Protein chains: 2
Amino acid sequence: MRPQKAEKTDEVQGLPRITKQRRAIFAALQGDASHPTAEEVYLRVKEELPHISLATVYRNLKLLARQGLIREISTGEGPNRYDFRTHEHAHFQCDRCGRILDVEMGLPRELTRDLERTGFRVRSHELVLHGLCPDCGAASSAD
Amino acid sequence: MRPQKAEKTDEVQGLPRITKQRRAIFAALQGDASHPTAEEVYLRVKEELPHISLATVYRNLKLLARQGLIREISTGEGPNRYDFRTHEHAHFQCDRCGRILDVEMGLPRELTRDLERTGFRVRSHELVLHGLCPDCGAASSAD
DNA sequence: ACCCGATTTGCAAATGCGTCGCAGGTGTTA
DNA sequence: TAACACCTGCGACGCATTTGCAAATCGGGT
Ligand SMILES: [Mn+2]
Ligand SMILES: [Mn+2]
Ligand SMILES: [Zn+2]
Ligand SMILES: [Zn+2]
């Protein structure tokens, strides 16, 4: 029996393939706590794959995020950032140095429970704190 | 004595003036629970001030937000949105209809306390939840 | 190993959203 | 009313990200 080419109604696209670009982009994030931007990932991957295109990096970061293999973070300040840590945690962005630091915390269970009880379906959430990181806070008071 | 024109070192700019554009933009937000985009505010204000420019709307929304008179919200999905409600509350954006709804909740005090204790200075935070709103959740299960 | 079609890539152009520079206009204070 | 700093409208610009397309590449089936 022939394998049913693309459905007509639903936009089901085939399974993602493992290209060297995709693999390298994913690898570039692993163990990196800096929450790099697409541009930064691009520069990094380019050392291994000099011909890779920035568009490919964007496409794959989006895809990996959709697959849940990485996390996409928008801080409301500058470009999106990417995180290999996919567990539930919040982020702190320093107003001064711009760095993004992990804040280990989840939402109070009761909150989402209350929302669900009101008819909402909570799929995800993003919490970003702003202020001064320990380094910059100290620097500015010593100023 | 002459009034000290602009400081040399510090970029202190004079006091904001009350122009009809600024007033109209602020007024357009009042009582509006829809969290409109700059574009939407622009269209609304244009009915009263047909010659207003979109750049002016952007400039004033930013300024009003800096003054703390309104709140700027970036959901990570589409353009920024503006809120006349400045008290601490979170937002829920529906994946289906895109609407943004208020969620009355603040951060657990203990969290920021722990952060401050570690040397952070928390100035603000933004919490955005994603999922399906009551209307869309019902619609999709009835589907 | 080879085929073949669906997926992916590199490239450039396009898009979306927001900001900037500048030449007048306007609000505010004296 | 005069003076001047702040504002506005306008278009050009900038940055981040997306998209169209032809060529390259994966990978399941043979
Ligand atoms: Mn993180
Ligand atoms: Mn709100
Ligand atoms: Zn810092
Ligand atoms: Zn909805």
Side-chain angles (χ1 to χ4, degrees), chain A residues 1-8 10-26 35-43 45-46 48-67 69-70 72-82 98, chain B residues 1-8 10-26 28 35-43 45-46 48-67 70 72-82 98:
Chain A
M1 81 195 274
R2 59 216 145 91
Q4 264 338 54
K5 50 168 55 174
E7 318 294 303
K8 34 171 168 274
D10 212 326
E11 302 291 333
V12 185
Q13 56 230 49
L15 32 158
R17 293 174 177 176
I18 304 177
T19 64
K20 59 181 183 302
Q21 291 88 341
R22 191 159 296 162
R23 185 194 307 284
I25 289 165
F26 182 68
H35 305 92
T37 63
E39 186 79 36
E40 289 165 345
V41 172
Y42 169 62
L43 291 175
V45 171
K46 212 153 77 128
E48 186 189 343
L49 301 174
H51 293 305
I52 197 172
S53 126
L54 181 53
T56 295
V57 173
Y58 272 108
R59 274 187 293 238
N60 281 299
L61 286 173
K62 263 288 185 286
L63 181 137
L64 291 169
R66 274 197 307 269
Q67 312 291 152
L69 294 175
I70 63 174
E72 184 178 44
I73 304 162
S74 49
T75 62
E77 183 80 351
N80 283 356
R81 298 174 163 274
Y82 296 88
Chain B
M1 81 196 268
R2 59 219 144 85
Q4 271 327 60
K5 50 170 55 175
E7 318 294 302
K8 30 172 172 276
D10 212 329
E11 303 289 332
V12 185
Q13 54 228 47
L15 30 159
R17 292 175 176 174
I18 305 175
T19 64
K20 58 180 183 302
Q21 292 87 342
R22 190 159 297 163
R23 186 197 306 284
I25 289 165
F26 182 68
H35 305 91
T37 64
E39 187 80 35
E40 289 166 344
V41 172
Y42 169 63
L43 291 176
V45 171
K46 213 151 78 125
E48 186 188 346
L49 301 174
H51 293 304
I52 197 172
S53 125
L54 180 54
T56 295
V57 174
Y58 273 110
R59 275 188 293 241
N60 280 299
L61 287 173
K62 259 292 181 282
L63 182 136
L64 291 169
R66 275 197 305 269
Q67 312 291 149
I70 63 174
E72 185 177 44
I73 305 161
S74 48
T75 63
E77 184 79 350
N80 283 355
R81 297 174 163 273
Y82 296 89

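Computed from a predicted model, the values in this text were never measured in an experiment. Order of the sequence lines fixes the chain letters, A, B, ..., with proteins taken first and strands second; residue numbering starts at 1 for each chain.
- Rounded to whole angstrom, the span from the CD1 atom of A:I73 across to the P atom of D:dT17 amounts to 13 Å.
- Atom pair A:I52:CD1 and C:dA12:C1' shows a separation of 17 Å (rounding to whole Å applied).
- For the pair B:R59 and C:dC20, the criterion of a side-chain N or O lying under 4.0 Å from OP1 or OP2 is not met.
- The side chain of A:T19 contributes an N or O atom lying less than 4.0 Å from OP1 or OP2 of C:dT9.
- If B:E39 and A:T56 are placed on DNA chain C by their nearest nucleotide, the residue sitting closer to the 5' end is A:T56.
- Contact check for B:N80 versus B:I73: no side-chain heavy atoms found under the 4.5 Å cut-off.
- Atom pair B:Q67:CD and D:dC6:P shows a separation of 13 Å (rounding to whole Å applied).
- Within the structure, a side-chain polar atom (N or O) of B:K62 is placed less than 4.0 Å from OP1 or OP2 of C:dT19.
- Distances were taken from every side-chain heavy atom of A:Y58 (C-beta onward) to each of C:dT9, D:dA16, C:dC17; the shortest belongs to D:dA16.
- Taking side-chain N and O atoms only, A:K20 has no distance below 4.0 Å to OP1 or OP2 of D:dT25.
- Between B:V57 and B:I52, some side-chain heavy-atom pair lies under the 4.5 Å cut-off.
- Taking only side-chain nitrogens and oxygens, B:S53 never comes nearer than 4.0 Å to OP1 or OP2 of D:dT8.
- Counting distance only, with no hydrogens placed and no angle test, the side-chain atoms of A:R17 and the base atoms of D:dG28 include no donor-acceptor pair under 3.5 Å.
- Put simply, CG on B:L63 is 16 Å from P on C:dG27, counting in whole angstrom units.
- Residue B:R22 contributes atom CZ, which lies 10 Å from atom C1' of D:dT8 at whole-angstrom precision.
- Applying the 4.0 Å criterion to OP1 and OP2 of D:dC7, one finds that B:N60 has every side-chain N and O outside that range.
- OP1 or OP2 of D:dG9 has at least one side-chain nitrogen or oxygen of B:Q21 nearer than 4.0 Å.
- The shortest distance between side-chain heavy atoms of A:H35 and A:Y82 does not fall below 4.5 Å.
- Looking at heavy atoms from C-beta onward, A:L49 lies in side-chain contact with A:K20 at the 4.5 angstrom threshold.
- If B:G14 and A:A55 are placed on DNA chain D by their nearest nucleotide, the residue sitting closer to the 5' end is B:G14.
- One interatomic measurement links the two molecules: CD1 of A:I25 to C1' of C:dT8, which rounds to 11 Å at whole-angstrom precision.
- Distance B:E77 CD to D:dT17 C1': 13 Å, rounded to the nearest Å.
- A:L54 places its CG atom 9 Å from the C1' atom of D:dA16, with the value rounded to the nearest Å.
- Nucleic acid contact for A:I18: sugar-phosphate only, since backbone atoms but no base atoms lie under 4.0 Å from a heavy atom of the residue.
- Here the side chains of A:P16 and A:R22 are in contact, with some heavy-atom distance below 4.5 Å.
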